Every structure is written in structure tokens, then in C-alpha cells.
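Report on one structure; see the data block that follows.
Order of appearance sets the numbers: ligands from 1, and atoms from 1 within every ligand. The model shown is predicted, which means the values in this text are computed figures rather than measured ones. For the numbers below, each heavy atom of this structure counts, side chains included, while hydrogens, waters and symmetry mates do not.
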Amino acid sequence: MSFNEKTLAATQFHPSWFEGYRYVYPVVSRRAGGVSLGVNLSPTKLCNFRCVYCQVQRDETRDEIERAVATTDPERASSLDVLRKTPAADACRVDLDVLEAELSRLASATLDGSLFRVKRFAEVEPSKRVLRDFAFSGDGEPTLAPQFPDAVSRLIDLRKKLNDDGIKLVLITNATRLTRPEIVDALDRFDAANGEIWTKLDASDPERFKTVNRAAIPFDAILKNVAFAAKRWRIKIQTALFLLRGQAPTAEEFARYCEQIREILAIGGRLESVQLYTIARVPAESDAEPLANEAMDDYAATLRRETGVPVEVFYSR
Ligand code: SF4
């Protein structure tokens, strides 16, 4: 398939889908400060969380999600989709040859500048016309894909072929599978290739975790996984802060959150930074709304003061 304007223009209507492409999509990212090529290993939208702020449109109702979270056996939840609608293995299968071809084509288009001849990208300022990263992100949890370890190898090898160490490798994960042997092995290789692991930690107690991330997995398991990852690799923590039914995280909740970060540091966890962000796109649930910039700045100042960790802030706009 040739790289053409019509194909690229379609991306503006769906950021994690790209007409004619199955797995890879380009975005000009504020976070990356240039072009990020998203690698979506979840074409079936498979995820074991149902975050209230998730922008991926799925077809379950709020009641179905809450019932599933309340009744799923936590012992089995870490390896299951929360609604037990885990698609057949074939549907989840990622064709790595197709993925690599798409990534290679879009990387070349970014590097040779043809990406910026299409309407959607024509206004991108010169300083942002840079290929910043290949990022495992998209419509679900990347580490649930059986091909995740092999996909890691493909990204590392492609970057080598492009001979461009300036392209970062990023994994955005919800932390649920960070201690599984095959994932640990893949992430050892990812880390050795300077890949960055960005892991979600939105809550500071089991109740808020159930309300915000809507997962049946025990909150303790998430905390342990994040601590394990921070000790083994250098990681970034991503935390979503927002109004839920008009209520911002309380001072007590945020104090507990700061305490969690201090505990991770105290056991030798290496945190490159904590990214505090609020809702920037239309979320799954309408009662989740963005926080004002000033409120985000206040949380960031508290976190810096209480933990000394570097904090990055991403506003709604
Ligand atoms: S972990 Fe990511 S993909 Fe899964 S529900 Fe949460 S925001 Fe959506």
C-alpha cells in the first residue's frame, strides 16, 4: 500500500485507528513534542481495566461493568478481561509482519517529511516535525497481547535498521502483568534498549481504584507490581487526576498517594518522573471531567514538596 494523503487525513477522526492500517497510527503529541507512532496491540480493545476516563468506546453499559467488577474472582482477574468477554485467541492475534511493515512505512514517511505534505499535518511547526517515539499504546492493555514479547523485539530491531537511536521506545501499561515471567523477560530487553516504561497508578486505596479503574484485580497487586517495576527498571508513573461527579481527589486521598510514592522510593524504586495529567479527550463516562490548570499545578506542587520526585503536568488544553 502506498503512503498517501487520503489515508493520512483519515487519522484526524480517530487517533488510534488509521485507514488501511491495522496496528500503527501517527499522532503529533504534546507529550512527545513531535510525532509519536502509536503501536496498538489491542485491535479487539482487550483490556482488564475499564477506567472511567478511558477514551476507547466499548459497548458495555456502566451497570454491566460495575456488576462484573463486583463479582469477578480476584484470584483469576489478573489474566482475564474484566467482563469475561475475552475474544478468541485468533481475534487477539497480532500479525507482526504487518505491524512491522506499517511501522516501517510510517517511520520513513515521518523521516523523509512526506507526512507533513498532507492536510492534517501541514500546519505542524518545524520543531515538531521530528519522529520522537514508537509507543505501545492504543485501545487496550498492550501486555495482554500474546505477541507482546515478540513485538518488543520487532521495535528494537526496526529502530536499529533505521539507525536512529533518537527514536524513543515507550510502553504505556496499566501494570497488571508487569511481574509475569514472559513480560519481565521482554521488558529486560526493552529496558536494555533504553525503552521507557510508563505505568498507571491512579488510586491510593482499594475503593478509589475500583471506582476509577473499575478492575476486579486487587489494588494491592497493582501496588506491588509498580514497586517491583520501579526496583527492576527505571520507570515513569502516570496518574490521572480529574473531577468525578464534580469531586476532585481530596487532600486526604492525595496525601495517601504521596505516601505511596515515598514508599516506592524508600524501597529503592527508581522513578524518572511522575506524570500528572487530566482528561483531554471525551471520556467513556460523562461524569468524569477535566481539572482546571490551577488545580493541577497545586497537586503537582504538593507532590514535589512531599516526595522530591520530578513531576510533569499535562493539562486539559
Ligand atoms: S487501562 Fe487504558 S485502555 Fe484500559 S480502560 Fe484504562 S485507559 Fe482504557
*So what's near atom 4 (Fe) of ligand 1, protein N, O or S atoms under 2.8 Å?*
Cys47 SG
*Sequence neighbours left out, what pairs pass side chain to side chain donor-acceptor pair (under 3.5 Å) with at least one residue falling in residues 290-304?*
Asp297-Tyr315
*Do Tyr25 and Ser137 meet the criterion of a side-chain donor-acceptor pair at a distance under 3.5 Å?*
yes
_Once you measure the plane-to-plane angle for Phe190 and Phe136, does it fall in the parallel (<30°), tilted (30-60°) or perpendicular (>60°) bin?_
tilted
*Side chain or backbone of Lys200 under 4.0 Å from ligand 1, or both, or neither, by non-hydrogen atoms?*
side chain
_Residues Asp97 and Arg154 bridged, charged N to O under 4.0 Å_ = yes
*Do Glu312 and Lys236 sit within salt-bridge range, that is, some charged N less than 4.0 Å from a carboxylate O?*
yes
*Main-chain N/O of Gly113 paired with Arg129 side-chain donor or acceptor, under 3.5 Å*: no
